K.L.:
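Dropping the structure in here first, questions after.
Below, each value reflects all heavy atoms present in this structure, side chains not excepted, and no hydrogens, waters or symmetry copies. Just so it is clear, the model here is predicted, and its values are computed rather than measured.
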Amino acid sequence: MEGKRVLRKSRYGRKEKNLVPPTAYDSVLAGVAESPTMQRRGSNQVIINSHGDREGLKLRNNDIEIPALPPITREKNLKKRAELFLTKIGHCCNLFDFHPLAPIKNQVKTAKSKAIKTGSLNDIIRYCNSKDNVLTEEAMSALVNMISVNLFRPMHSQEDPLAAPYDPEEDEPRLEYAWVHVELVYALLIQLMENRNLDANMAANFITEDFVKKLLLLFFSEDPRERDLLKTSVHRIYGRFMGLRAKIRNLIKVMLTRVNYEADIPFYGVAEILEFLGCIINGFTVPLKQEHCDMFLQVFLPLHRCKGMLSYHQQLVFCVNQFLTKGPQLIKPFLVYIFKHWPRTNAQKQVHMLNQVEGVCGIIDDAMLLDVAPVIFKKLGECIESPHFMVSEKALSMWQQEHMLDLIRDDPEELFPLIAESAYRNNKRHWSGVVHDSNDRTLQMLEILDKERFDKYCRDDKELPSALGEQIPALASREDKWKKIEAMAKANAEKLGLELPQPPIPKACPDVYMKGENISPHRQGSNRKHKIKISNPVDIAAAEALENQ
């Protein structure tokens with residue numbers, strides 16, 4: 001269908017040629033030649049059948065008036081009933097403009113046809129659910145065509161290319177304008193997949209890999225209602241067609257890989273995809289196949305470092321726990337990866353990751369936990385000394401659990417110093433009173449656990465490394481580098497006969513004017529006693545000179 005052109009009548013009355021536009025994010029999946037699309041311009045719609053080889057391009061005008069037809073079940077003649085069924089399916093292929101800014105004239109003109117289409121969709125759903133053998137090959141072809149026409153459409157982001165990208169944490173989702181019809185089409189698709197009278201071998205000729213590719217692209221819709229119904233639809237297709245299962249997993253793998261490594265790919269459909277994958281992973285056999293282990297390492301682990309991780313972290317944790325329960329050999333690579341890519345500045349992400357590590361510690365056996373304990377304790381020791389009170393408090397609360405204390409009892413030589421030294425330094429330095437209370441409880445438990453080692457690592461006379469002292473070597477090295485640069489600049493200036501410019505003298509900080517009660521007592525006799533307060537000790541002489549004027 002590539003390269004076909006259609007005549008399109010614009011809202012201004014002139015006709016022009018235009019290429020069929022691509023579906024939003026059509027390039028996400030490899031091998032998608034062309035997606036079913038429609039171009040919403042003015043009052044006309046360009047419709048492309050997803051089965052382009054079977055039925056050609058169809059131009060549908062949304063100004064057309066759909067005739068009101070009787071319910072399908074009222075027709076007693078079976079042949080006429082089948083014809084009425086196909087006629088209603090054809091009428092439902094007409095699309096209408098639900099945009100709130102559409103011309104009032106068009107809205108009034110199409111109001112009746114929109115209501116008739118809604119009734120036709122409900123009638124089709126009821127008829128497909130009847131006991132009659134209505135899902136013939138001809139009917140299935142027409143139904144899949146109608147579903148493709150109504151669902152495969154461009155996203156909202158294509159309508160305004162200059163619009164800012166959607167942020168699920170700050171922006172309200174842009175809902176589908178034609179949801180009253182789209183919802184019924186999804187309900188019809190789900191009912192078809194659940195229908196016991198459907199011949200799966202016959203339906204496989206229409207529910208193809210290409211159809212599933214285009215269906216998966218709709219996960220990038222901003223409308224959460226559509227993503228929820230789409231998740232159910234894909235799950236039903238996955239359970240009904242065995243031959244499509246591996247292809248669906250590979251297509252989702254490609255989608256999530258592009259979400260991981262391409263910044264322009266949206267992530268607001270990832271939560272629903274992971275929720276669907278969680279049901280699939282639950283059915284994996286033990287031991288895990290190499291294909292499933294590779295998917296965990298290549299797709300699920302990189303999802304922990306994406307920008308939008310907080311929007312799907314709950315579903316990601318469920319999938320990861322399923323993998324680690326079925327494949328204990330993945331626990332160590334998982335911990336090494338997330339500790340390597342640990343968030344540095346986002347405290348909320350750190351708290352979520354600590355919750356995930358705590359959950360992982362609860363699902364693995366004691367022998368495996370003791371093996372990975374040094375890696376966990378080292379990272380949690382760093383989190384205890386975090387300046388953010390939420391991170392520090394969460395890390396301290398993890399140490400107070402019984403299974404953590406059992407690990408320290410099993411390997412005190414290696415594990416006790418990691419927690420004791422971090423808690424002791426944190427107790428001396430942290431600013432939060434809440435953290436100090438939790439820190440005191442941790443130190444009391446450690447003292448009860450091993451008094452001798454506690455006295456060794458947590459003595460009151462122990463000299464703590466100063467924060468400034470830790471930076472002295474780096475500052476000295478930096479100063480040496482600047483001296484070398486200045487010497488090279490001076491030598492080059494003398495060689496070229498140039499005068500080296502002098503660095504500007506920094507200006508003194510301006511005085512800060514405060515109320516009289518904030519002035520020190522020795523300034524009470526000054527005429528400016530309720531104005532001047534020295535804010536920079538370096539500027540004492542200038543302030544005194546100003547005060548003596």
K.L.:
Test your reading of the model: is there a side-chain donor-acceptor pair from Arg174 to the backbone of Glu222, 3.5 Å cut-off?
P.N.:
no
K.L.:
For His304 and Leu301, indicate whether the former's side chain and the latter's backbone hold a donor-acceptor pair under 3.5 Å.
P.N.:
yes
K.L.:
So Asp294 and Gln290, side chain to side chain donor-acceptor pair (under 3.5 Å) or not? Walk me through it.
P.N.:
CA-CA 6 Å; Asp294 293 341; Gln290 186 61 38; 2.9 Å; yes
K.L.:
The test is side-chain contact (heavy atoms from CB on, under 4.5 Å); show your working for Leu354 and Leu380 and say whether it passes.
P.N.:
CA-CA 8 Å; Leu354 287 172; Leu380 295 184; 3.2 Å; yes
K.L.:
Is there a donor-acceptor contact under 3.5 Å from the side chain of Arg153 to the main chain of Leu151?
P.N.:
yes
K.L.:
Does the side chain of Met404 come within less than 4.5 Å of Cys361's, by heavy atoms?
P.N.:
yes
K.L.:
Are the charged groups of Glu447 and Lys451 less than 4.0 angstrom apart, N to O?
P.N.:
yes
K.L.:
Under 6.0 Å between ring centres: does that hold for Phe152 and Phe211?
P.N.:
yes
K.L.:
For Asp366, look at atom CG and say whether over 12 heavy atoms of other residues, nucleotides or ligands are found less than 6.0 Å away.
P.N.:
no
K.L.:
Closest approach of His235 and Cys279, non-hydrogen atoms and distance?
P.N.:
CE1-CB, 3.8 Å
K.L.:
Under 6.0 Å between ring centres: does that hold for Phe323 and Phe300?
P.N.:
yes
K.L.:
What pair of heavy atoms forms the shortest contact from Asn260 to Val299, and how long is it?
P.N.:
ND2-O, 3.2 Å
K.L.:
To the nearest 0.5 Å, tell me how far Leu192 CG sits from Ile125 CD1.
P.N.:
9.0 Å
K.L.:
What do the steps show when you test Leu369 against His403 for side-chain contact (heavy atoms from CB on, under 4.5 Å), and what is the final call?
P.N.:
CA-CA 10 Å; Leu369 184 58; His403 66 276; 4.2 Å; yes
K.L.:
Look only at the side chain of His430 and the backbone of Ser386, and say whether a donor-acceptor pair between them is shorter than 3.5 Å.
P.N.:
yes
K.L.:
Atom OG in Ser397, atom CZ in Arg441: separation rounded to 0.5 Å?
P.N.:
9.5 Å
K.L.:
Can you check side-chain contact (heavy atoms from CB on, under 4.5 Å) on Phe219 and Val270, steps first, answer last?
P.N.:
CA-CA 8 Å; Phe219 272 115; Val270 177; over 6 Å; no
K.L.:
Please examine the side chains of Val212 and Val234, heavy atoms only from C-beta on, and report whether any two atoms are closer than 4.5 Å.
P.N.:
no
K.L.:
List the atom of Ala204, the atom of Thr208, and the distance in Å for their closest heavy-atom pair.
P.N.:
O-CG2, 3.9 Å
K.L.:
Among Arg245, Arg249, Lys247, exactly one meets side chain to side chain donor-acceptor pair (under 3.5 Å) together with Tyr238. Which residue is that?
P.N.:
Arg249
K.L.:
Could you check whether any side-chain heavy atom of Glu479 comes within less than 4.5 Å of a side-chain heavy atom of Lys483, counting everything from C-beta outward?
P.N.:
yes
K.L.:
If only atom types and distance count, is the side chain of Asn321 paired as donor or acceptor with the main-chain N or O of Val360 below 3.5 Å?
P.N.:
no
K.L.:
Inspect the contact between Lys484 and Asp480 and indicate whether a charged nitrogen and a carboxylate oxygen are less than 4.0 angstrom apart.
P.N.:
no
K.L.:
Hey, what do you get for CD (Gln315) to CG (Leu303), rounding to the nearest 0.5 Å?
P.N.:
11.5 Å
K.L.:
Kindly indicate whether the side chain of Met146, heavy atoms from C-beta on, has any atom under 4.5 Å from the side chain of Leu188.
P.N.:
yes
K.L.:
Do Arg240 side-chain atoms and Met193 backbone N/O form a donor-acceptor pair below 3.5 Å?
P.N.:
yes
K.L.:
Compare every heavy atom of Ala395 with every heavy atom of Cys383, then report the nearest pair and how far apart it is.
P.N.:
CB-CB, 3.8 Å
K.L.:
Nearest 0.5 Å, what's the CD1-CD distance between Ile280 and Gln322?
P.N.:
11.5 Å
K.L.:
How about NZ on Lys379, more than 12 heavy atoms from neighbouring residues, nucleotides or ligands closer than 6.0 Å, or not?
P.N.:
yes
K.L.:
Can a donor-acceptor pair be found, under 3.5 Å and without considering hydrogens, that links the side chain of Asn122 to the backbone of Thr118?
P.N.:
yes
K.L.:
Go through Glu393 and Ser438 one step at a time and tell me if the side chain to side chain donor-acceptor pair (under 3.5 Å) criterion holds.
P.N.:
CA-CA 7 Å; Glu393 187 178 3; Ser438 183; 5.8 Å; no
K.L.:
Tell me, do Phe98 and His181 make a side-chain contact under 4.5 Å, heavy atoms counted?
P.N.:
yes
K.L.:
Please report the closest heavy-atom contact between Ile207 and Leu244, naming both atoms and the distance.
P.N.:
O-CD1, 3.6 Å
K.L.:
So do the side chains of Val434 and Phe389 get within less than 4.5 Å of each other, counting heavy atoms only?
P.N.:
no
K.L.:
May I ask you to say whether Lys456 pairs ionically with Glu413, meaning some side-chain N is under 4.0 Å from a carboxylate O?
P.N.:
no
K.L.:
Using 30° and 60° as the class boundaries, would you call the ring planes of His292 and Phe284 parallel, tilted or perpendicular?
P.N.:
parallel
K.L.:
Just verifying a value: how many Å separate Asn426 CG and Ser392 OG, rounded to the nearest 0.5 Å?
P.N.:
4.0 Å
K.L.:
Scan side-chain atoms only and decide if Gln444 and Asp440 contain a donor-acceptor pair under the 3.5 Å cut-off.
P.N.:
no
K.L.:
State whether the side chain of Trp342 and the backbone N or O of Gln350 hold a donor-acceptor pair below 3.5 Å, judged by distance alone.
P.N.:
no
K.L.:
For the pair Tyr186 and Trp179, name the ring-plane relationship: parallel under 30°, tilted 30 to 60°, perpendicular over 60°.
P.N.:
tilted
K.L.:
With the threshold set at 4.0 Å, does a side-chain nitrogen-carboxylate oxygen contact exist between Arg225 and Glu183?
P.N.:
no
K.L.:
Determine whether more than 12 heavy atoms belonging to other residues, nucleotides or ligands lie under 6.0 Å from atom CD of Glu452.
P.N.:
no
K.L.:
Stepwise, does the side-chain contact (heavy atoms from CB on, under 4.5 Å) test hold for Phe416 with Tyr457?
P.N.:
CA-CA 9 Å; Phe416 194 93; Tyr457 295 107; 4.0 Å; yes
K.L.:
Give a yes or no on whether the backbone of Asn439 and the side-chain of Asn427 come within a donor-acceptor separation of less than 3.5 Å.
P.N.:
no
K.L.:
Is Glu402 salt-bridged to Arg409, cutoff N-O under 4.0 Å?
P.N.:
yes
K.L.:
Evaluate the side-chain proximity of Leu216 to Leu230: yes if any heavy-atom separation is below 4.5 Å, no if none is.
P.N.:
no
K.L.:
Inspect the contact between Lys231 and Asp228 and indicate whether a charged nitrogen and a carboxylate oxygen are less than 4.0 angstrom apart.
P.N.:
yes
K.L.:
So, does Asp371 use its side chain to make a donor-acceptor pair with the main chain of Ala367 at under 3.5 Å?
P.N.:
no
K.L.:
When you compare the side chains of His352 and Gln314, does any donor N or O come within less than 3.5 Å of an acceptor on the partner?
P.N.:
no
K.L.:
Can you measure from CD1 (Ile331) to CG (Asp365) and round to the nearest 0.5 angstrom?
P.N.:
7.0 Å
K.L.:
In the structure I gave you, are the side-chain heavy atoms of Leu143 and Ile124 within less than 4.5 Å of one another anywhere?
P.N.:
yes
K.L.:
Strictly under 6.0 Å, is that where the ring centroids of Phe377 and Trp399 end up?
P.N.:
yes
K.L.:
Would you kindly say whether Tyr268 and Arg227 are connected by a side-chain donor-acceptor distance under 3.5 Å?
P.N.:
no
K.L.:
Could you tell me if the ring centre of Tyr337 sits under 6.0 Å from that of His341?
P.N.:
yes
K.L.:
At their closest point, which heavy atom of Phe241 faces which heavy atom of Ala200, and how far apart are they?
P.N.:
CE2-O, 3.5 Å
